[in-house]
Amino acid sequence: MKPARSISITFMSLALSTRRDLYWREIHKFFDALSVEQFHQATLLAHNLALRYSDDGQLHSILRRRQDYPFLDQHFWLLDDWSVQNAELEKHLMLAMVFRFMAWDLNADIADPLSNVDHAFSPLAAKLQTQADHHSQQIFPASSPFWTYYDQTRESIQSPAFFSDLLPASGHWALPSLSLTAAAISAEKPIHLPRLLETTDHLRLVYQTVAQLASLRVDLRDGRISYPIQRAMQASGADDIKKLSADSIFGVLILSGTLEKICEENLARVEAARTLARDLNLPSFARFCEHTVSLLLQIRSQFGLKKQAAAESAGVEPSRNEPLRAFFSPAVDVIPCVIQKAEGYLLSDPTFREAWEVQQNTFKDFPLVIGQAFPSALILEVLGLHGHDISMQVDAVFEIFQEGEFHYYDIPETSVPDIDAVAFALRMHKYASQPMQYTQVLQRALRWVRENQMSSGQIPVWLWQNDSKFQISPLSVLYGENCATVEANLMIGLIDFDYDGYQDVITACAASWCERWLTVGLGVTAHYTPLFSLWTSLELISKLLKRPIRPALRDDLNRLATQVVERLKSEAVQPNLTPQSASYLTLACLRLPEFPLPFDSAWITRLIKNQQWDGKWLGENIYVTPSGRGLGTVWFASHTITTAFCYHALKTYQTHFEAR
């Protein structure tokens, strides 16, 4: 004999809980059949659902809290009240609802710019929806009227949930009507559907209001005007949500009596639902109404409002249950949190060891060489730009540059001095504890720059003419003698260090650099990735245009700026933009507002969604390096350097929009 089921204060008996838990095994079997990549995604989804919708962090416990609308259980109650005993039917009804709810929640996360879920999860969301339809198909043939109702409801489910005012159900709030319609058609009682849905619409509005009260902080953070916020704004006369804080909203709701009115309105809705449930002879729904009244009275009590004798007229005693657990959804200020985590990662190791380029068996007679100073300099410049005291690390890098005479690796015999090392030494000079101490070291390197500058003004990557005490190994191969991005790095450094003293070097190099860029385009760079080159070039153009330069050079720079911006625009619309690329675009746009590159908030979304658990971003290609396996080359990548660029972009974004 089928065990009887009843609704207690948690509206689930042990028998119902046990039966429902059995059906969750089907969910886990579905996960087990996924590909490895989608299984990883489904695992994250399961944990996210458990964190949001349960008190104990278990997937099978979702939507069982006192404040949750019983999305997964109403069809059980309806079948019980109608004495329909069909285990297969109730299983497929529940699984269809579970998979639809999962698909909705995942799609909502994909659309949320502040979540850690991106469009890579879209195929899983589609598969969840397909699985929901599969379970409905086990109940309803193609000719069933259910599918007509399904088609009418699907658009509402896929639409964003309405927040302002209490409008017709959309988003996940449209799901219960689909489940109840399926149950009514299966039980051959479609005649009761209009009044049944009227009953649950009253209850849906109540729980939608409760959910909006719980998410006040989140809605305020996101600038979303929910029904309680709308009522508070009306009561206070506020016309701009940005002027409101969570504390002021709570104060207005309580002191103006608005919350009391909202509770009374919802108690009236519950009473209307209870009357309909009794008329329809649905005792489970009538008992759920009692639970809902108790919940509303408990919420009103916890807001510090007076207890009223009206509770007795509502048919229940004021709730004496323990306080609602985790009722209010936390409103994390996501951008500062992301920045703080990135900053913590960058500062966790002052040596930046992860970013060192380690080469094994790449150079004859030198089985292990390390490029430490230059990768560290890339990171240190970013930290210095954002106010960190990096003097000790800069001093250490200068000591390496001085001892190694601006060679890239710690074994100077493997290369010759290169202008990238000189460039970033120039750019970091101002952050040293005693800048004058290293001026003489830089003057020697800059003498090499002058000696190597060609008659055309171009400066090669490798400073072959030098009085370095180190001699290069005859078997070393130094590819890419000419690279416009390396030259740009140097010119930026020279402008920052001493523009007046090196104006002749800078302007001669800039004229040659600009002519080659205009003639060849991005092909003038040999060592760096395209977007790094474009961003760096635009930084240099901006600095040069602010200086007194010849009119002809100024005209060429303006033409080149147009060309670079157009190329950046074309790169900005590429699919699957990486976090590092999004950083370059953000920096080019927000640090250089004089150029017509429109900012796209999707770049910041890309950064937020791809930050790793420890605050870093995964390393992406930066510049070319030997592979260590014969004569091949590869792209050098570093988690720490990529994180520095992403941090740079987010700090720039934060500063830019806080200043507005």
No-hydrogen, no-angle side-chain donor-acceptor test under 3.5 Å, [X] and [Y]:
X      : Y      : value
Gln372 : Thr351 : no
Ser433 : Asp395 : yes
Glu357 : Tyr408 : yes
Thr640 : Lys616 : no
Glu343 : His388 : yes
Ser533 : His527 : no
Thr642 : Glu620 : no

Show, in sequence, the C-alpha distance, side-chain angles and deciding distance for Leu368 and Gln360, and conclude whether the side chain to side chain contact (heavy atoms under 4.5 Å, CB included) test is met. CA-CA 5 Å; Leu368 178 66; Gln360 301 180 56; 3.8 Å; yes
Residues, nucleotides or ligands: over 12 heavy atoms within 6.0 Å of [X] [atom1]:
X      : atom1 : answer
Gln453 : CD    : yes
Arg52  : CZ    : yes
Gln437 : CD    : yes
Met454 : CE    : yes

Tell me, do [X] and [Y] make a side-chain contact under 4.5 Å, heavy atoms counted?
X      : Y      : answer
His386 : Gln654 : no
Thr485 : Trp535 : no
Leu490 : Leu426 : yes
Thr525 : Cys483 : yes
Pro375 : Ile641 : yes
Ile241 : Asp219 : no
Leu44  : Phe121 : yes
Leu383 : Tyr647 : yes

Do side-chain atoms of [X] reach the backbone of [Y] as a donor and acceptor pair under 3.5 angstrom?
X      : Y      : value
Ser35  : Gln38  : yes
Lys609 : Asn116 : no
Trp617 : Gln580 : no
Asp112 : Ala108 : no
Arg221 : Arg217 : no
Thr562 : Asn558 : yes
His639 : Gly619 : yes
Gln393 : Ser391 : no

About how many Å separate [atom2] of [Y] and [atom1] of [X], when rounded to the nearest 0.5 Å?
X      : Y      : atom1 : atom2 : value
Asp555 : Leu560 : CG    : CG    : 12.5 Å
Leu494 : Asn489 : CG    : CG    : 11.0 Å
Ile419 : Asn452 : CD1   : CG    : 9.0 Å
Trp513 : Met491 : CH2   : CE    : 5.5 Å
Gln41  : Asp118 : CD    : CG    : 8.5 Å
Ile506 : Ile492 : CD1   : CD1   : 11.0 Å

What residues form a salt bridge (charged side-chain N to carboxylate O under 4.0 Å, His left out) with Glu354, not counting sequence neighbours? none
Salt bridge (charged side-chain N to carboxylate O under 4.0 Å, His left out) partners of Asp504, counting only residues at least two apart: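 Asp504 satisfies salt bridge (charged side-chain N to carboxylate O under 4.0 Å, His left out) with Arg450 once adjacent residues are dropped.
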Write out all pairs satisfying side chain to side chain donor-acceptor pair (under 3.5 Å) with one or both partners inside residues 595-607, taking only residues at least two apart or from two chains.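 Pairs touching residues 595-607 that pass the test: none.
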Taking every non-hydrogen atom, the tightest pair across [X] and [Y]:
X      : Y      : value
Ile622 : Ser638 : CD1-N, 4.3 Å
Met233 : Asp240 : CE-N, 3.9 Å
Ala644 : Val382 : O-CG1, 3.4 Å
Leu607 : Pro579 : CD2-O, 3.2 Å
Ala488 : Thr536 : CB-CG2, 3.9 Å
Ala373 : Ile400 : CB-CG2, 3.7 Å

With Glu571 as partner, the option from Lys569, Arg567, Gln574 fulfilling side chain to side chain donor-acceptor pair (under 3.5 Å) is Arg567
Counting only pairs under 3.5 Å, give me each side-chain donor-acceptor contact of residues 543-551, with atom names and distances, residues two or more places apart or in other chains.
residue	atom	partner	partner atom	Å
Lys543	NZ	Asp496	OD1	3.2
Lys546	NZ	Ser542	OG	2.7
Lys546	NZ	Glu594	OE2	3.3

Any chance you could lay out the side chain to side chain contact (heavy atoms under 4.5 Å, CB included) test for Phe374 and Asp420, step after step, and finish with the verdict? CA-CA 8 Å; Phe374 179 72; Asp420 247 346; 3.8 Å; yes
Evaluate the side chain to side chain contact (heavy atoms under 4.5 Å, CB included) criterion for residues Tyr653 and His656: first the C-alpha distance (whole Å), next the side-chain angles of each, then the deciding distance (0.1 Å), finally the verdict. CA-CA 5 Å; Tyr653 169 81; His656 178 84; 5.8 Å; no
Please walk me through it: do Phe645 and Thr586 pass side chain to side chain contact (heavy atoms under 4.5 Å, CB included)? CA-CA 10 Å; Phe645 291 142; Thr586 299; over 6 Å; no
Tell me if the centroids of the rings in Phe532 and Tyr623 come within less than 6.0 Å of each other.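 Not under 6.0 Å, so no.
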Does anything in residues 423-446 form a salt bridge (charged side-chain N to carboxylate O under 4.0 Å, His left out)? List the pairs, not counting sequence neighbours.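 Pairs touching residues 423-446 that pass the test: Glu381-Arg427, Glu405-Arg444, Arg444-Asp467.
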In residues 329-339, what donor-acceptor pairs under 3.5 Å come from side-chain atoms, sequence neighbours left out?
none

